[in-house]
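Convention: sequence-line order gives letters A, B, ...; per-chain numbering from 1.
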Amino acid sequence: MSAEDMLRAAVARAAVDLGAPADFAAHLERPRDPSFGDWASNAPMALAKVLRRKPLDIAHDLVARLDVAAAGVREAYVAPPGFLNFRMAAGAEAARLGEVIAAGAAYGRTGEGQGAPANVEFVSANPTGPLHVGHGRQAALGDAVAALLEATGWKVTREFYYNDAGVQIANLALSVQARVRELAGQPLEIPEGGYHGEYIRDIARDYVAAHPDDTHGANLEQVRMFAVAALRHEQDLDLQAFGVKFDVYYLESSLYDEGKVDETVAMLQAAGHTFEKDGALWLRTTDYGDDKDRVMRKSDGTYTYFLPDVAYHVTKWRRGFHRAINVQGADHHSTVTRVRAGLQALDMGIPAGYPEYELHQMVTVMRGGEEVKISKRAGSYVTVRDLIDEVGRDAVRYFFLMRKSESPLVFDVELARSQSEENPVYYIQMAHARLCGIFRVGEVDAGTVTGAGVDYALLNSDDERELVKALLGYPALVTTAARSRAPHLVASYLLDTARLVHTWYHKHHVLGEPEPIRAARLTLVRAALVVLRNGLELLGITAPERM
RNA sequence: GCGCCAGUAGCUCAGUUGGAUAGAGCAACAGCCUUCUAAGCUGUGGGUCGGGGGUUCGAUUCCCUCCUGGCGCACCA
C-alpha cells in the first residue's frame, strides 16, 4: 500500500469515527501551492453538511484523531476554510523512486483495460488525394489515443477505413480519365465535383505509361483501380514518414463485395425500423434521437454513405471489439447520431454509446502570415509530408497533440520552423538529453542505478521534492489522459516536468558530489529519464540521448 | 432557425471527479556561462476566467439564459 493510500485510508477512518458514513471516501490532492503541504484533503468541508458542523471544527477533530506517521507524514495541520494539509517526512516520497526505476518502460502502465480488445479508427481518408494537415492532426491524435489505451491495459487495433467506393471515387476516376484524355490531346473536361490537383495529372501520366493500350482512358474501371492504388500508396508513404502504423486497413468496397451492406439492409428491415417513401428506403433514425429520418437506399438504387458505415460498425462489433473509438474531424459530427441510431435499430444488443467518438476541430495552416486555403478540388494543399519535411516529425507530432482536440488548431508553418529552437518539444527532449549527459560524462552505467541503499532524505530541496512529486504523479496522469482520451494532458505534463528538470539541473550537480548525495541524485535522474521517455513514447516522439 | 465545439494575461493555450492567492509558453523588461549541454536558468510586470442569473460552505469547472466565433444541418462523404 502506498503512502498515499495509507493517508487516504487514515483520513477516512478518522472521519468515520466522527460519524461519517462507513463508505466515506476521502479525497486527496496535490495542493497547487507547496506552502499548503505535500498532500491536502477537503474532507472537513465535504463532511460539514452530513455532520452539521463547521468545517474548521471537524478539521481539528480529524487532526487530533489521525495517526499518519506510518504513512510518512511529518506534520498534519488545519488550514482555513477547512483543509487538512500534510507535510511528508524528508525522503518519504523520494523513497518510491526505486519503484519507478524497477518498473522502467512499464512505469505508468496499468491493467485497467484487462486486455480487452479495443478498436481505434483514425485517418480513414478517402483515397482521393494525399494526406493533408487535418489528417496529420488525426494521425497524431489517433496514434496517441491508441498508445494511451495500450498503456492502460487494452489490446488495441489501429484501423484505417478506406472509403474506396461511392461517388467520391467515381469522381476521382473521371478526373484522372479527363487528364488522360488531355494527355492524348483532347480538351480538358474535369467533371462537376472532380479533382483538380496536380497529383491527378501525375497519376494520369503514370496510368498511360502502365497501360499503353489505353491512352484515352477508355477503361474507366481500370483507371479507377489504378488511381485508388496509386493514392493508397501515396498515403502509405505519408503515414510512414509520420511513423504511424496501422494493424488493419478495412476497405469499404469489401462490405459490398461480401454482401454485408445488403445483409445490413435486410436486418434493418427485419427489425422493422425502415419505411419506403418517394422511391427511397428510409431508416427511422428519429426513434433513436436523430432530428429527422435518413435515406438508406436512394431512389436510384444506390446506398447513401451512412449504410455502409453501419455495416462497417457491425463488423467491428462482430470482430470482438466491444469498445470502438472513432477519431474524426468535427465536421463529421452529424454522422455520430446516425451511425449509432443505425446500430440501435438492428436490435442486436450493441450499447447506445457505441462507437465512441473523439472529434477534433479543424486545422488552419498559416504561411507567410496568411491562411492557406485547403481545397482538394482546387488543388491548394499542405500535405503531412510537406510539414514533416519542414519542421520534423517530432515537432509536428507535438504541435498536433499539445492542444485538446476540441480546440481549433492554427499551424503556422514558418513559425514552427523559425521558432524551432524554442519549440516546446525540443525543451522536453533537451531535458532528457541533459540527464543522459550526466551518465555519459560520468561514465556511469545507468543499469547499476537502482536506488538500493540510497538515503532518500538527501533529496530534500524544494526543487527535488517538486520533481519527485511530478514523477510519482505520472501513473495517475496516464490514467486520466487515457480515460478522457486526451493526449494533450501528456504533452502538458511533459512540459511541466521538463521545466522542473531544467530548474533542478541548473541548481544541483551530481558528478563530483559526495557519494551519498551523488547516489541519491543519480537515482532521481534515472527515474526522471524513465518518466520522460515513457511520456514521449506515448506521444510518438523520440527521446534523444544527446542533441 | 436547430445541433455540436469554443470564448481564460498583449499572442497561443493549460487548468486532472467543484477547492485555498487562476497557471505555462511566447512576446516585453532586468540579470546569469572556469564546474554534468546557455536548445538552459533566475527575477519583474501583466486577468471583470465573454455578460447575466442559479445550485453550493466554495464555481474557470455544474445548470439556465444571452452575446461572439468555428463547424455541421443532402436521396455528398
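- Note on A:Arg434: a side-chain N or O is less than 4.0 Å away from OP1 or OP2 of B:rA38.
- Residue contacts for A:Ala79: at a heavy-atom cut-off of 4.0 Å it reaches a base atom on one of the strands shown.
- In this structure, A:Tyr288 and A:His273 have perpendicular ring planes: the angle between them is above 60°, well past the 30° mark.
- A:Ala40 comes within contact range of at least one nucleobase, with a heavy-atom separation under 4.0 Å.
- For the pair A:Arg499 and B:rG25, the criterion of a side-chain N or O lying under 4.0 Å from OP1 or OP2 is met.
- Applying the 5.5 angstrom centroid cut-off and the 30 degree plane-angle cut-off, the aromatic ring of A:His509 is stacked upon the base of B:rC36.
- Here A:His332 lies in heavy-atom contact (under 4.0 Å) with a base.
- At a threshold of 4.0 angstrom between heavy atoms, the contacts of A:Pro408 are confined to the sugar-phosphate backbone, with no base atom among them.
- Dashed line: the shortest gap from a side-chain N or O of A:Ser407 to OP1 or OP2 of B:rA14 is under 4.0 Å.
- Remark: the separation of the C1' atoms in B:rA38 and B:rG31 is 14 Å, to the nearest Å.
- Base engagement by A:Tyr505 is indicated by at least one non-hydrogen atom pair under 4.0 Å involving a base atom.
- A:Ser299 comes within 4.0 angstrom of a base, heavy atoms only.
- Between the side chain of A:Asn42 and the base of B:rG19 there is at least one donor-acceptor pair of N/O atoms closer than 3.5 Å.
- The side-chain tip of A:Arg30 points at the ring of A:Trp39 from less than 6.0 angstrom away and within 45° of straight on.
- A distance of about 15 Å separates the C1' atoms of B:rA39 and B:rC26, rounded to the whole Å.
- Taking atom P in both B:rG40 and B:rC4, the straight-line distance is 43 Å, to the nearest Å.
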Go through the steps to decide whether A:Arg232 and A:Tyr249 satisfy the test side-chain hydrogen bond (donor to acceptor under 3.5 Å, both in side chains), and finish with yes or no.
-> CA-CA 11 Å; A:Arg232 282 189 60 186; A:Tyr249 290 90; over 6 Å; no
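- Put simply, A:Phe36 rests on the base of B:rA20: the two rings are less than 5.5 Å apart at their centres and nearly parallel, under 30°.
- B:rU68 and B:rA59 have their C1' atoms separated by 23 Å, given to the nearest Å.
- In this structure, CD on A:Glu276 lies 7.5 Å from OG1 on A:Thr274, to the nearest 0.5 angstrom.
- Nearest-nucleotide assignment on RNA chain B puts the 5′-proximal partner with A:Lys404, out of A:Ala48 and A:Lys404.
- Stacking of A:Phe83 onto the six-membered ring of B:rG19 is not present when judged by under 5.5 angstrom between centres and under 30° between planes.
- Between B:rA24 and A:Tyr493, no contact under 4.0 Å exists linking OP1 or OP2 to a side-chain N or O.
- Within 4.0 Å (heavy atoms only), A:Asp278 reaches at least one base atom of the nucleic acid.
- Glycosidic torsion of B:rC63 falls outside 90° of 0, placing the base in anti.
- Interface remark: the A:Thr503 side chain does not form any donor-acceptor pair with the B:rC41 base, using a distance-only criterion of under 3.5 Å.
- With hydrogens and angles ignored, a donor-acceptor pair under 3.5 angstrom links the side chain of A:His333 to the base of B:rG3.
- When heavy atoms are screened at a 4.0 angstrom cut-off, A:Leu489 is found touching the sugar-phosphate backbone but no base atom.
- Within the 4.0 Å cut-off from OP1 or OP2 of B:rA74, at least one side-chain nitrogen or oxygen of A:Lys292 is found.
- Comparing A:Lys507 and A:Ala46 against RNA chain B, the residue whose closest nucleotide sits nearer the 5' end is A:Ala46.
- One P atom belongs to B:rG7, the other to B:rG50, and the distance between them is 7 Å to the nearest Å.
- Side-chain atoms of A:Ser334 lie closest to B:rA77 of the nucleotides B:rA77, B:rA38, B:rC75.
- For a distance-only test at 3.5 Å, the side chain of A:Asn85 qualifies as a donor-acceptor partner of the base of B:rA20.
- Between B:rG15 and B:rG51, the two C1' atoms lie 22 Å apart (nearest whole Å).
- Put simply, the residue from A:Glu159, A:Glu356, A:Glu121 that forms a salt bridge (charged side-chain N to carboxylate O under 4.0 Å, His left out) with A:Lys316 is A:Glu121.
- Remark: the separation of the C1' atoms in B:rU8 and B:rG47 is 8 Å, to the nearest Å.
- Contact annotation for A:Val510: base contact, defined as any heavy-atom pair under 4.0 Å involving a base atom.
- Nucleotides B:rA9 and B:rG25 place their P atoms 16 Å apart, quoted to the nearest Å.
- Among the protein residues, A:Gly437 comes within range of the sugar-phosphate backbone only, with heavy atoms under 4.0 Å from sugar or phosphate atoms but none that close to a base.
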